[in-house]
Amino acid sequence: MSMDLRIKIGNKILPNPVGVASGTFGYGGEYEKLIDLAKLGAIYTKAVTLEPREGNEIPRIVETPSGILNSIGLANVGVTRFLSEKLPALAKLPCAVVANVAGATEAEYMAVVERLESAAQLWGYEINVSCPNVKHGGMAFGTDPQQIERLTKKIRALTKRPLIVKCTPNVTDITVIAKAAEAGGADAVSCINTLVGMVIDTAAKRPVLPAGTGGLSGPAVRPVGVAMTYRVSRAVSIPVIGIGGIMTADDAIQYLLAGASAVQVGTGTFVDPSIPVKVLEGIVEYCKIEKIASIKELHSRFSQP
Amino acid sequence: MSMDLRIKIGNKILPNPVGVASGTFGYGGEYEKLIDLAKLGAIYTKAVTLEPREGNEIPRIVETPSGILNSIGLANVGVTRFLSEKLPALAKLPCAVVANVAGATEAEYMAVVERLESAAQLWGYEINVSCPNVKHGGMAFGTDPQQIERLTKKIRALTKRPLIVKCTPNVTDITVIAKAAEAGGADAVSCINTLVGMVIDTAAKRPVLPAGTGGLSGPAVRPVGVAMTYRVSRAVSIPVIGIGGIMTADDAIQYLLAGASAVQVGTGTFVDPSIPVKVLEGIVEYCKIEKIASIKELHSRFSQP
Amino acid sequence: MKQFSATIRGNYPLSTGFFELEFTWDKAAPLPEPGRFFTVRVSDNTIPLLRRPFAFSAFDGNEGTASMIFQKRGHGTGLLSAKHKGDTLDIIGPLGQPFPMPDKGKKALLVAGGIGLGPIAFLAQTLRKEKIPVSMVFGCRTASLIPSGDSLAASGTVICTDDGSRGFKGTAGDYLKSIERSVGSGTVVYACGPQPMLKTCHEFAGRRGCACFVSVEQIMACGVGACMGCAVKSAGGGYKRACTEGPVFNSRELQW
Amino acid sequence: MKQFSATIRGNYPLSTGFFELEFTWDKAAPLPEPGRFFTVRVSDNTIPLLRRPFAFSAFDGNEGTASMIFQKRGHGTGLLSAKHKGDTLDIIGPLGQPFPMPDKGKKALLVAGGIGLGPIAFLAQTLRKEKIPVSMVFGCRTASLIPSGDSLAASGTVICTDDGSRGFKGTAGDYLKSIERSVGSGTVVYACGPQPMLKTCHEFAGRRGCACFVSVEQIMACGVGACMGCAVKSAGGGYKRACTEGPVFNSRELQW
Ligand SMILES: Cc1cc2nc3c(=O)[nH]c(=O)nc-3n(C[C@H](O)[C@H](O)[C@H](O)COP(=O)(O)OP(=O)(O)OC[C@H]3O[C@@H](n4cnc5c(N)ncnc54)[C@H](O)[C@@H]3O)c2cc1C
Ligand SMILES: Cc1cc2nc3c(=O)[nH]c(=O)nc-3n(C[C@H](O)[C@H](O)[C@H](O)COP(=O)(O)OP(=O)(O)OC[C@H]3O[C@@H](n4cnc5c(N)ncnc54)[C@H](O)[C@@H]3O)c2cc1C
Ligand SMILES: Cc1cc2nc3c(=O)[nH]c(=O)nc-3n(C[C@H](O)[C@H](O)[C@H](O)COP(=O)(O)O)c2cc1C
Ligand SMILES: Cc1cc2nc3c(=O)[nH]c(=O)nc-3n(C[C@H](O)[C@H](O)[C@H](O)COP(=O)(O)O)c2cc1C
Ligand code: FES
Ligand code: FES
């Protein structure tokens, strides 16, 4: 008996639970020569905004112990070029293509989704209400449950496609945010986005990143991501997608046991592009050894503390 | 010209900016044979509660990438035995002895401080309103600015000694918490305590820590601590004490440049007990090379983003 | 206790996955004793982060060297297994409580399982020097895990393998049952090894009316009594610190 | 581009802190070209986390080996400097854009500073094979940083040291100024090295009316164009990715 890897989110099915996280996989094509994209459960695109954005000042990346801090900003080609230049190639892939949507205002989020609705090839949306690298924009939404619920409702009214809201970890209680998304009609929540962090260059006596703070990701944040996934899974009844520091199948299985129905690999892909595929293989292997037939069954095998 | 290492907090002076963090240095005596305690700026004791506490279920520690997750709970001998057994030895040290105070209720915090007031040898208090490992207790206070302000006011009324409030990083906006402490009359704030995290044993299919979640500390969290120290330093006008992942002088200098007036070494002491002393030496060396005469001057040399 | 930099004198493979590491012992540090331990910082960077605790397996006062027997289990012991003669180690020790000597006239029954061999072998050597009668049992899964060299066999150690590939077939605990009647209150049991083995020894000693000292393992953060991380459950309720009150406990002090 | 496991053929110290690493190049991977680069995962654990980018310094088609010249700067290059013949490397490459060949009839002026030597030496070798006239300048702080072996001197490279301990006293940029009048639009300038040196080359080329191609350095996360982490400022405003549009740029495309 082989494992049923499929995951239902909203009215659609993900072929398997391992996706690649927004902002770490470009628009898919960049990694085409290195891995078999057909093996991915989903590609979450770099954030798409209404207008193209140049992104933040440079440098944009600095390493930290077992992590990286990034200040990319929402550097992207904008929705028009996304549709004309990036989506056609993406659409040929057998995996689900989820557009990560960002904006500075509710109207901008809605305008992007409206434009994307025209593209039949898109599988669904991940609403990025949590980018710590944009000053006037994402962050304000990300920490206020009322705004989250209202924004989710408005986007919900625009689309029947799977609607995922991506939660920020930089809040007192992430379950409040997740519940607001659920109340607004989200089909799933994904967590976590990056933690706010800072690295200072003591020789130059200023932050390494010109923006001051950046977003912390990678193995360093994995325990935080697992804890939040655990709490959110118990607070909502929609699927949860676990993200943060996944480098191995064991890391991903921690998220799945904690209650996630799917996972995303971000920083890990930078370190070794074969990680997402190896993670999937490792999950399958684990479930075979443990005689687990589905992600649902995996959830039921977890001993709650 | 040599550097002025002294730091004023409330009505007292710390001999130098490097202390050892609560819960990682016991009551001082444990490390006596390994390092010259006289070189420390301050020893922050393990949390002291009204009654002795056994602490949490075992195991209590698990390693994470560049960090550790702990679930000690507030395991401590209680205020009575602290005064009779632990303080006499501590009091002989030339460094400042700061009692880290915890409780489940306002009344308990106050009772502990009242009892400790009788001990002339204590330098001051660090109020732990932020331990993520106690279910009914610290955490509730830690995230609610009104409760923080009221608790701080009540303790302020009991003592003239330096009063430090230790902030949790597990909040949407740590500056709100720090400002509440300042409004309540705190002489300083320290940040950060540990981040909530979880590690799951995928073979046993349950969290490694019986409590489920634990507190994440060590180098992994350093960027988060520096970012919060930076933000808090700009929000309050009392001194800030930076904590989180300090392993080297460079790490500590990042905190000082970010606005901290002093630092604490926690997990780093486990890894190498000589770290606190080496950190101090490194700060002195840096200031000598950079011709910096005081921590104040260090602050002024930071280029704000 | 003292923190010092030791120099590795040798790192010898003993059996599949097991190594014996010999290193210089600082003259100014107190002397190693059986049951006590030390911690090593295994990496210069932050992976793995915490120091690793190991028991002494021998001390050579003339050479000024201490030894340990360790098993390659994870990242930290993996790094240790790759160390060479001449490399240095950041050591803190000795730490914790030693095995207490048996009361006058008593004999000692030593039981070691897996990585418990180090401290038990050290204890055997020390007891023999004191002319105390020692019998020793060593249990492991299979013959390939039995340390090479003939020190075990030469000392008359009873070897037990779970799969019967050498010596007594069964666990060290099974062996104890087989000799149950010959042991009485004149014997003191000393044990170090996996938790189930320690429990068997504790129960065995209870039935036979003899004292039993066990050395326990627990994840440690500080190793010096400061963090309360290494707590083990004590018989009277509450906890004891493995690093300070232990790692050797009278088995009756612990909750089983 | 391709990800593969390479085997180290040699890791030779060249000068103080500099090494030349030679490794097998996978037959199924496109061939290395001067100016292009590859990334290496330097550690199995998470310190340091990101892959490290390095330019090719040579490619030997017969042996099937590629080389790089690197400087020990931090943790990652420290780990690389300790690698031995026979060790394996996780490689992704070739990545980025190569130095473009000069138009017919033009000659090449190559300028290398410090770790810029690798790609510039590779370019020199390639141009000479194509019979394109090459003059080459190498600048470094002091004589001990000049690679041993006589390849540099034999090829007629002008060596500049900041402290005058060997060759021309001054930077490579100072040297360019000293030959300014002899260079015209018939020359193409190629440069790799520290940012100030690249800027000097760009300005020099502007004054002399010749094309100038520079290879830039930026911290990289993905190395393949996916993350926008390696952005450098472009002349027209906005950014370009060093890993994809670069690392070699016509210097006029960049903001200086
Ligand atoms: C007092 C004491 C004495 C010991 N003496 C010896 C000895 O003589 N020889 C020997 O081989 N081992 C001994 N150990 C166990 C040894 O400390 C662990 O095997 C080692 O820490 C594993 O490190 P690692 O990085 O290789 O494994 P990890 O990858 O960290 O873990 C592998 C396994 O070891 C366990 N472990 C990890 N850290 C510790 C720790 N600090 N304490 C206990 N268990 C841990 C983990 O739970 C896991 O099951 C002793 C432990 C203690 C507490
Ligand atoms: C396209 C390209 C080609 C390169 N070619 C060579 C080469 O042929 N030989 C060579 O010695 N070096 C080359 N480098 C630089 C090399 O990548 C860095 O020296 C190396 O990454 C430093 O790693 P570390 O861990 O030793 O140093 P760290 O401790 O990480 O840092 C030391 C210094 O190197 C810088 N650095 C760190 N990571 C990078 C990075 N990913 N890209 C650029 N700079 C970085 C840091 O800002 C710091 O100043 C190249 C860089 C790029 C972008
Ligand atoms: C370079 C970089 C760029 C990112 N850009 C985005 C983005 O555009 N939208 C978004 O929702 N998340 C973005 N993220 C966050 C990741 O999708 C992911 O949530 C986070 O990195 C944690 O996962 P990881 O530890 O596996 O990287 C970005 C992360 C990185 C490292
Ligand atoms: C084992 C352990 C026990 C701790 N106990 C306490 C405590 O009792 N009271 C408190 O305020 N903080 C406690 N802390 C938090 C530390 O004081 C410190 O804020 C945190 O560990 C971050 O610093 P570090 O990364 O340098 O360890 C504890 C931390 C650890 C690792
Ligand atoms: S390991 Fe810290 S008290 Fe034992
Ligand atoms: S390093 Fe990721 S885009 Fe260049």
Side-chain angles (χ1 to χ4, degrees), chain A residues 57 62 64-67 69 132 142-144 168-173 195-207 209-214 216 218-231 245 247 249-251 253-258 286 290 298 301-305, chain B residues 57 62 64-67 69 142-144 168-173 195-207 209-214 216 218-231 245 247 249-258 286 290 298 301-305:
Chain A
E57 270 291 312
V62 55
T64 70
S66 299
L69 203 63
T143 62
D144 176 353
T168 173
N170 302 294
V171 292
T172 306
D173 187 351
L195 285 165
V196 176
M198 181 183 271
V199 173
I200 290 172
D201 178 337
T202 57
K205 303 187 195 65
R206 53 174 157 68
L209 304 177
T213 56
L216 185 64
V221 311
R222 193 197 66 217
V224 176
V226 172
M228 292 198 167
T229 297
Y230 170 79
R231 296 189 57 218
M247 300 286 289
D250 190 81
D251 299 342
I253 295 163
Q254 290 194 44
Y255 275 96
L256 296 173
L257 285 167
Y286 174 88
E290 299 281 347
L298 194 73
R301 297 277 283 275
F302 184 65
S303 310
Q304 191 106 350
Chain B
E57 271 291 311
V62 55
T64 71
S66 298
L69 202 64
T143 61
D144 177 353
T168 173
N170 302 294
V171 291
T172 307
D173 187 351
L195 285 165
V196 176
M198 181 184 272
V199 173
I200 290 173
D201 178 337
T202 57
K205 304 189 195 61
R206 55 175 155 68
L209 304 177
T213 56
L216 184 65
V221 310
R222 194 198 65 216
V224 176
V226 172
M228 293 199 167
T229 297
Y230 170 79
R231 295 189 57 219
M247 300 286 288
D250 190 80
D251 298 341
I253 295 163
Q254 289 194 43
Y255 276 96
L256 297 172
L257 285 167
Y286 174 88
E290 300 281 347
L298 195 73
R301 296 278 283 276
F302 183 65
S303 309
Q304 190 105 352

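Per chain, numbering begins at 1; letters A, B, ... match sequence-line order.
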To the nearest 0.5 Å, atom CG of A/L256 lies from atom OH of A/Y286 at 9.5 Å
When rounded to the nearest 0.5 Å, the distance separating CZ of A/R222 from CD1 of B/I200 is 10.0 Å
Across all chains, not counting sequence neighbours, the side-chain hydrogen bond (donor to acceptor under 3.5 Å, both in side chains) partners of A/D173 are A/T175, A/R231
Among B/D250, B/L69, B/I253, the residue with the most heavy-atom pairs under 4.5 Å to chain A is B/D250
dist B/F302:CZ -> B/Q254:CD (nearest 0.5 Å) comes out at 9.5 Å
If one checks every heavy atom of B/Y230 against chain A at 4.5 Å, the contacting part turns out to be side chain
Residue from B/G197, B/P65, B/A204 scoring the most non-hydrogen pairs under 4.5 Å with chain A is B/P65
Highest number of heavy-atom pairs under 4.5 Å with chain A among B/V62, B/V221, B/V226, B/T64 belongs to B/V226
Whatever's closer than 4.5 Å to a heavy atom in chain A on B/Q304 counts as neither
Scored by heavy-atom pairs under 4.5 Å with chain B, the best of A/A220, A/G67, A/A258 is A/A220
Those residues at least two apart in sequence (or on a different chain) that pass side-chain hydrogen bond (donor to acceptor under 3.5 Å, both in side chains) with B/R206 are none
Scored by heavy-atom pairs under 4.5 Å with chain B, the best of A/L257, A/V171, A/V199 is A/V171
The interface call for B/P207 against chain A, heavy-atom contacts under 4.5 Å, is both
When rounded to the nearest 0.5 Å, the distance separating CG of B/N170 from CG of B/L195 is 5.5 Å
